[in-house]
Amino acid sequence: MRYRSTRGKPQDPSLSFTEILLAGLAPDGGLYMPEHYPHLSEEDLLALKTVFERRGYPGLACAVMSLYIDDIPREALQRLCLRAYSEAKFSTAKVAPVSKIDEGTWMLHLSNGPTAAFKDMAMQMLGQLFEYVLAANETELNILGATSGDTGSSAEYAMLGKKNIRVFMLTPAGRMTPFQQAQMFGIDDPRIINVALDGVFDDCQDVVKAVSADARFKRRYSIGAVNSINWARLLAQVVYYVAAWIQVSGDPGQRVSFSVPTGNFGDVCAGHVARSMGVPIEKLVVATNENDVLDEFFRTGVYRVRSSAETLETSSPSMDISKASNFERFVFDLLGCDTGRVRELFGSQLNTRGYFDLSAHEAVERAREEFGFDSGSSTHADRLRGIAEVHRQHGVLMDPHTADAWNVSRKHLGEEPMIVLETALPVKFADTIEQALGFTPKVPPRFAGIEKAPRHVTHLPKSVDSVKNLIRKTVDG
Ligand SMILES: *Cc1c(COP(=O)(O)O)cnc(C)c1O
């Protein structure tokens, strides 16, 4: 399998999986895509089912991911999958189990990993892949990131103890939930460096961008990223759509639908890839919170990015986005892989006008009919109501992000089973649960005492130089 940019030119060379693994954005500003989606026949689907039954989630992960990876030997990939998706890390041998909620609805549990959010599903694999490729190239990597909570802790736990990798993670001082702070700052390892900047998340992100824009510094200190546009993260997420179909249906003739809490369009884009490969998926329901950039597109064909001032702080904070960084991948497919059009829309129109309009191109109809997309949004009040209702009727405690997906799924039920993606454990967002139910969720035993551990965090002013100095001092020793 070879990869190309969504904004590429025909003469650009294609790249291999390990070449794009550490690359982030393509030099032309586009995102890397495989040259085609391998097609799974009914026979292939049944073979994957057998693999899952005999060799579990790691076996399935290896079988699916190897369709897109030519330059890591199969045995090595198998080993990496076994390490990434162990029972010890995911506290269940199934890794991504499903449970039945009512007659037509299932929940896919993606938050059993080390940091109790679905980002672990991809990040654990990324940690293994990074370590493997860096060892082969005898190079080191300093990951620099900004987080409002889930991504940062997931990245730190995935990279912890990996050879040749260090993590610098910028957080907005005092703004994460107590559980999120405890999770990150509790890590005691000289190669995991937590930084609290006196600012908000956008300030952290601006500092990361400024440091990465200094090409000399970036090269000298081997600065890398783990952001959500990374193709390997998406690929790792394709696996659980297959695992969910196997567990709920397992019959190539019986389709299933998914409702996906959506921010940067990473999770649901993986569903789109799975569907494009022939996994029997009827609908992909895009569920947003009040930050409804994507719901708006799927209703109207207009994609309008928001300013940071227009981006609301909600009670499902991991979906508080102003633009959806993976969305370009879907638009690329929607436009029949027309890189010229993608360049015009994302490279030019968005920058000059702040929006583009595909309504004249039947984008809404085609997204629905050809690609199976539907959408909806839910508010804070909807979330509280959804959490209370599902708890009362089914005895299931949902986190606020999962609640967004649950709420929107109610409006898109069909004949086929509906699978709601659970993306975090309630304990991460205890305040909202308390508001909805009047009590705080129990802390799972594996996280007991986490809030008492000593904190490891460096406080810095929100300045590019202070962060650069910290990196220099740490790396140069
Ligand atoms: C990141 C995140 C999401 C959104 O996922 P995207 O890939 O950005 O669409 C949803 N829920 C939780 C808990 C998350 O951490």
Side-chain angles (χ1 to χ4, degrees), residues 31 107-124 126 145-158 176-177 179-180 183-184 201 205 226-238 240-241 258-274 284-295 297-298 311 314-330 373 375 377-378 383 386-387 397-409 420-430 432-433 441:
L31 278 63
M107 206 168 267
L108 173 63
H109 301 279
L110 301 175
S111 47
N112 292 311
T115 72
F118 94 103
K119 302 233 163 34
D120 293 333
M121 296 297 302
M123 213 64 93
Q124 284 295 323
L126 203 63
T147 186
S148 55
D150 287 343
T151 308
S153 53
S154 185
E156 291 187 351
Y157 280 84
M176 297 188 296
T177 71
F179 187 85
Q180 287 173 326
Q183 253 186 342
M184 290 185 66
F201 171 66
Q205 194 131 33
V226 286
N227 40 29
S228 72
I229 50 131
N230 186 295
W231 167 258
R233 269 180 73 176
L234 220 67
L235 177 56
Q237 291 175 265
V238 172
Y240 56 69
Y241 284 89
F258 289 93
S259 183
V260 187
T262 307
N264 271 320
F265 205 77
D267 198 352
V268 76
C269 193
H272 160 69
V273 172
L284 290 165
V285 179
V286 171
T288 73
N289 61 23
E290 291 90 331
N291 296 293
D292 58 354
V293 189
L294 288 166
D295 178 34
F297 174 81
F298 286 104
T311 308
T314 76
S315 52
S316 47
S318 301
M319 292 152 62
D320 292 349
I321 53 109
S322 50
K323 64 180 180 46
S325 50
N326 271 294
F327 187 53
E328 183 168 334
R329 288 196 158 103
F330 171 65
F373 279 99
S375 74
S377 66
S378 91
R383 278 190 283 286
I387 290 168
L397 202 53
M398 295 189 294
D399 99 290
H401 304 78
T402 311
D404 285 325
W406 171 273
N407 290 338
V408 176
S409 78
V420 174
L421 266 53
E422 180 213 59
T423 54
L425 291 187
V427 66
K428 288 195 100 166
F429 303 96
T432 304
I433 304 300

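Bear in mind the structure is a predicted one, so any value in this text is a computation, not a measurement. Indexing begins at 1, ligand by ligand and atom by atom, following the structure's order.
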Element-labelled atoms of ligand 1 that are located less than 4.0 Å from some non-hydrogen atom of [X]:
X	result
Ala424	13 (C)
Phe265	9 (O)
Phe118	1 (C), 2 (C), 3 (C), 5 (O), 7 (O), 14 (C)
His401	11 (N), 12 (C), 13 (C)
Gly266	6 (P), 7 (O), 9 (O)
Pro261	4 (C), 10 (C)
Gly263	4 (C), 6 (P), 8 (O), 9 (O)

Exercise for review: Going by heavy-atom distance to atom 14 (C) of ligand 1, choose the closest among Lys428, Arg233, Lys119.
Suggested key: Lys119

Point to revise | Basic-acidic side-chain contact under 4.0 Å: Glu290, Arg383 | key: yes

**Study point:** Closest protein heavy atom (residue, atom, distance) for atom 12 (C) of ligand 1
**Key:** Thr423 OG1, 3.4 Å

Point to revise | Top protein contact for atom 8 (O) of ligand 1, by heavy-atom distance | key: Asn264 N, 2.8 Å

N/O of [X] under 3.5 Å from N/O of ligand 1, yes or no?
X	answer
Asp267	yes
Thr262	no
Asp399	no

Practice item. Find out whether Thr402 and Leu421 are in side-chain contact, i.e. whether some heavy atom of one side chain is under 4.5 Å from a heavy atom of the other. Key: no

Review point. For Ser228, is the nearest heavy atom under 4.0 Å from an atom of ligand 1?
Key: no

Is a donor from one side chain sitting under 3.5 angstrom from an acceptor on the other, for [X] and [Y]?
X	Y	answer
Ser375	Asp295	yes
Asn264	Asn326	no
Ser316	Asn289	yes
Gln183	Thr115	no
Thr432	Ser315	no

Point to revise | Centroid-centroid distance, Phe373 to Phe330, less than 6.0 Å | key: yes

Practice item. For this output row, return yes or no: ring centroids of Phe118 and His401 closer than 6.0 angstrom. Key: no

